[in-house]
Amino acid sequence: MSQVTLAKKPQTARPARARPPAGPELAGPSAPEARPFSSPGILALQHAVGNRVVQRLLAAGPLVQRAHELDVSGARRLATRQGNFYRFRRVRGHRNEAGRPQFQHPATAMTAYSGAGNNGRAEIHPAVNTALDTLMAALLAEGARLDDESLKQAQVRNGFRPPEEAEGRAYLGALRKTIRQNPDIFGELEFPAALESQAISELGFTGSAAHDAFRDAIARQPGWTAGLARQLIQITAGFKAPRGGSTHHSGLVVDIDFPYATSRTNVNWHGVNRENNPGALRSAAGAWLNTFAPAFDFDSYNTNKEVWHMEWRNWAGTAADPNAAAASAAGSMLGGAAAGGAVSGDRAAGPVQRRPGAGPMIQREPDQPGWARPAKGSPNAGAKTIGKVKRLPIEGLTVGNRAADLEPDPDRANSSFTKKETSESAKGRAIVLIPDGLDPAQPVEVLIHLHGHGVGYRLEKGLKQTRDEALDKTEAQLEASQRNMIAVLPQGSRYSGFGKFDTDAYLAKVFEKLIALQQLPAGTQPGPVVLSAHSGGGNTVTQILGEKGQPRLPARLAEVVLFDAIHYSQRAKEAGQDPDYQAHTIRDWILRQLEHDLSELTSGERSKKPDQQLEYLKTSLRFRGYHTTGSYARQYKILREAIADWFKSQAGALGGDKSAVYLALRANYQIVDTGLAPDDHDALMGKSLGFQEALGLLPARSRSGQAPAVKK
């Protein structure tokens, strides 16, 4: 296999570099020698990507005037709905530890990256701006030449990251993940709760005095030994480092995100999720970065682990050099630490040679979305984009369902054997949906939906999609709502067990996890909440609504939505109790809300001002009940009749049944017969588009995110 020949760039002062790697070992003839752009090639690029990009390439020097073209003759071309993608049978990755920017610069030294492929959010050190712009322009130009979406859609996802608390939380999550993924070593042990705050603190590099003290503290905890603590640290160091040691702190490192296709029907963004690296590396964008990034003075520590992780290696002697007088005067360097182990990428490694004054650093990425031990082909292995909504499987939640739910239920004589249907555990897991364009500066509304009986959002054997995408169409309906909202889908047990479900406590843990995963900015809090349930999930909602004081109800409840989620209880009837207790519990709760609304509408100055009454109703509580035509219709009829009777009795107080106030309040409480047959029970959310309709009833909200009033 021949190597790609690269034109040499005039040498400048720089640290020792490893030899540029061989080109990707593609499945076909070897990559061709780089050659100058032909005039027709330049004209084609100008037409495809614009004159500005081509002129920047040609002005960048002799090196960039060479065409960095992939040989795709052995690659498979996939025509998908998202466009064309190349997929290589094999790409040989490489490592490069030379000249890494293992130092820190302050946030005040950063500037927003605005060059080719920017996403409007990434910040970098100004010294790397031109080089990064040139790299991205060349990558995008190659995408236009090949008509490959992985290259054409590539963007700089993130750059500078300060050593904040979120990084410590990511390290804590990594430690827990190591324990979960290695039961043969750690058995039933869990990370010691007493050491959580220490794990989150700035421990420095693996092998530092502070980190060794942390390791020894673990060894002293009940059930732990020195050997187990050492293995926990060593295994975790292979993919995650403690807070305070990332090459991203230098501002000279970026992650380049891009989509890739594994088939004509499956296109994913890698989302800097390490589980996606094999697929990303085999894409045209991954193969191009693996081969040509070193020619632009960028490289990953290991493209077999993170082909998207690009470190600028030509920093010596520039304004970004911590040894330069200008950088020193500006206080760019935050101090050198004692010698010790350093890391490659986001994993710990042995000692490295350090430049004078440069503290040993630890490069690592935040913990990534995804469930441990996913089923083969499961979308729960990592992040996935569906339409314009990012689907994020998360785990490690210490509230909600805590049962793995893979064995028969000992309390049910005829319980289904869940392991026959799925191999994925249900313990401490959820799916979070974040739409493209979510603005965390605005109130972030939340749809939290409790699934019915079955495997929930785990991948059922023999299927390729989970129910949120295949049946409920949750992603599509959230996108269509165009709300500044995320959806949280807790994973319960087969019989809709969600533990002692406290909504606000659960959402607090979910948001904490999303912040640690850098999916939301630090400090983001849940805004108004829509509480929804289907089928067996209604059992939990009924319990919450029936509790005195309703302490587990969201403090900022905006709407309750129930899909075939009110049940007749034969067991209660046999025990001489009310078999319709669920319908009656929810009916009584609705009537309390209506009485509360009536009091707000008819008290004080508002009682005489219909415009103020209507303004109140814009943000007051909503209720929607959707049902099929089967047995559930009887339960929902109890609610429909109770609501109708209340409005008939209070029409006068609301200005008559034709008044705007009456009609506005009436619209807030509705029971909807979807007309769907009983056989459509399981697909009720998707076929009725109930999520989309219910979310469409919510008002546009101001920056204050005023929560509706709720009577408890």
Side-chain angles (χ1 to χ4, degrees), residues 1-6 18-35 63-64 66-80 82-96 116-117 134-157 254-264 266-311 345:
M1 189 66 64
S2 63
Q3 295 184 358
V4 175
T5 303
L6 303 174
R19 180 186 179 190
E25 189 170 299
L26 308 178
S30 58
E33 179 176 345
R35 57 189 182 276
L63 174 65
V64 186
R66 310 287 289 185
H68 298 89
E69 298 180 355
L70 279 174
D71 174 14
V72 296
S73 58
R76 182 184 178 192
R77 186 171 174 85
L78 301 172
T80 77
Q82 288 77 34
N84 297 317
F85 292 84
Y86 283 98
R87 179 172 170 82
F88 294 98
R89 289 200 295 269
R90 180 186 179 192
V91 176
R92 186 178 62 193
H94 67 269
R95 296 177 55 145
N96 185 0
T134 303
L135 171 76
M136 292 302 298
L139 185 150
L140 295 173
E142 178 69 345
R145 185 186 74 85
L146 292 175
D147 186 24
D148 176 273
E149 296 299 322
S150 72
L151 289 157
K152 289 162 65 176
Q153 297 189 47
Q155 61 177 244
V156 177
R157 176 187 175 96
V254 297
D255 293 318
I256 300 175
D257 202 1
F258 50 83
Y260 65 95
T262 58
S263 69
R264 289 186 174 89
N266 186 33
V267 176
N268 296 319
W269 285 75
H270 67 69
V272 299
N273 184 345
R274 179 168 295 182
E275 283 77 8
N276 292 335
N277 194 68
L281 182 59
R282 292 172 61 186
S283 70
W288 192 93
L289 289 170
N290 180 69
T291 306
F292 298 120
F296 295 83
D297 296 316
F298 285 88
D299 208 358
S300 171
Y301 67 96
N302 190 338
T303 61
N304 283 314
K305 290 191 174 182
E306 293 179 321
V307 68
W308 54 77
H309 177 86
M310 291 287 109
E311 301 176 354

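Since we're looking at a predicted model, the values are computed, not measured. Throughout, residue positions are numbered sequentially from 1 according to the sequence presented.
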(message) Using the rule given for side chain to side chain donor-acceptor pair (under 3.5 Å), can you reason through E311 versus Y301, listing the C-alpha separation, both sets of side-chain angles and the distance that settles it, and then say yes or no?
(response) CA-CA 8 Å; E311 301 176 354; Y301 67 96; over 6 Å; no

(request) Please round to the nearest 0.5 Å and tell me the distance separating atom CG of N277 and atom NZ of K305. (result) 10.5 Å

(request) Determine, stepwise, if the pair R87 / T262 fulfils side-chain contact (heavy atoms from CB on, under 4.5 Å). (result) CA-CA 7 Å; R87 179 172 170 82; T262 58; 3.7 Å; yes

(request) Taking all heavy atoms of A284 and all of L151, pick out the closest pair and write down the distance. (result) CB-CD1, 3.7 Å

(message) Any heavy-atom pair between the side chains of I256 and R157 that's under 4.5 Å?
(response) no

(request) Ignoring hydrogens and angles, tell me if any N or O in the side chain of D148 forms a donor-acceptor pair with the backbone of G143 under 3.5 Å. (result) no

(request) Can you see which heavy atom on G286 is nearest to which on V307, and at what distance? (result) O-CG2, 3.4 Å

(request) Search all heavy atoms of R76 against all heavy atoms of L78 and return the closest pair with its distance. (result) NE-CD2, 3.3 Å

(request) Please examine the side chains of N268 and N266, heavy atoms only from C-beta on, and report whether any two atoms are closer than 4.5 Å. (result) yes

(message) Quick check: closest heavy atoms across W288 and F296, and the distance to 0.1 Å?
(response) CH2-CE1, 3.8 Å

(message) How close do L139 and A154 get, counting heavy atoms only, and between which atoms?
(response) CD2-CB, 3.3 Å

(message) Treating E142 as the side-chain partner and L70 as the backbone partner, does any N or O pair qualify as donor plus acceptor under 3.5 Å?
(response) yes

(message) If we ignore hydrogens and angles and just use 3.5 Å, is the side chain of N302 paired with the main-chain N or O of N304 as donor and acceptor?
(response) yes

(request) Check whether any side-chain heavy atom of M136 lies under 4.5 Å from a side-chain heavy atom of M310, and answer yes or no. (result) no

(request) Side-chain contact test, heavy atoms from C-beta onward, threshold under 4.5 Å: evaluate it for W308 versus T303 and give yes or no. (result) no

(message) Check D299 with R95, please: is the shortest side-chain N to carboxylate O separation under 4.0 Å?
(response) no

(message) One pair to check against side chain to side chain donor-acceptor pair (under 3.5 Å): H94 and N290. What are the steps and the verdict?
(response) CA-CA 8 Å; H94 67 269; N290 180 69; 3.0 Å; yes

(request) Working to the nearest 0.5 Å, report the span between CG of D255 and CD of Q155. (result) 11.5 Å

(request) In sequence, state the C-alpha distance, the side-chain angles, and the governing distance for D147 and R77, and then conclude on side-chain contact (heavy atoms from CB on, under 4.5 Å). (result) CA-CA 10 Å; D147 186 24; R77 186 171 174 85; 3.4 Å; yes

(request) Report the C-alpha distance between H270 and Y260 in whole Å, list the side-chain angles of each, state the deciding distance to 0.1 Å, and finish with yes or no for ring-ring contact (aromatic ring centres under 6.0 Å, His included). (result) CA-CA 7 Å; H270 67 69; Y260 65 95; 7.3 Å; no

(message) Between R282 and F88 (side chain of the first, backbone of the second, donor and acceptor by atom type, cut-off under 3.5 Å), is there such a pair?
(response) yes

(message) Which heavy atom of G83 sits nearest to which heavy atom of E149, and what is that distance?
(response) CA-CG, 3.7 Å

(message) So does S283 get a backbone contact from the side chain of S150, meaning a donor-acceptor N/O pair under 3.5 Å?
(response) no

(request) Indicate yes or no: at least one non-hydrogen side-chain atom of L140 is less than 4.5 angstrom from one of K152. (result) no

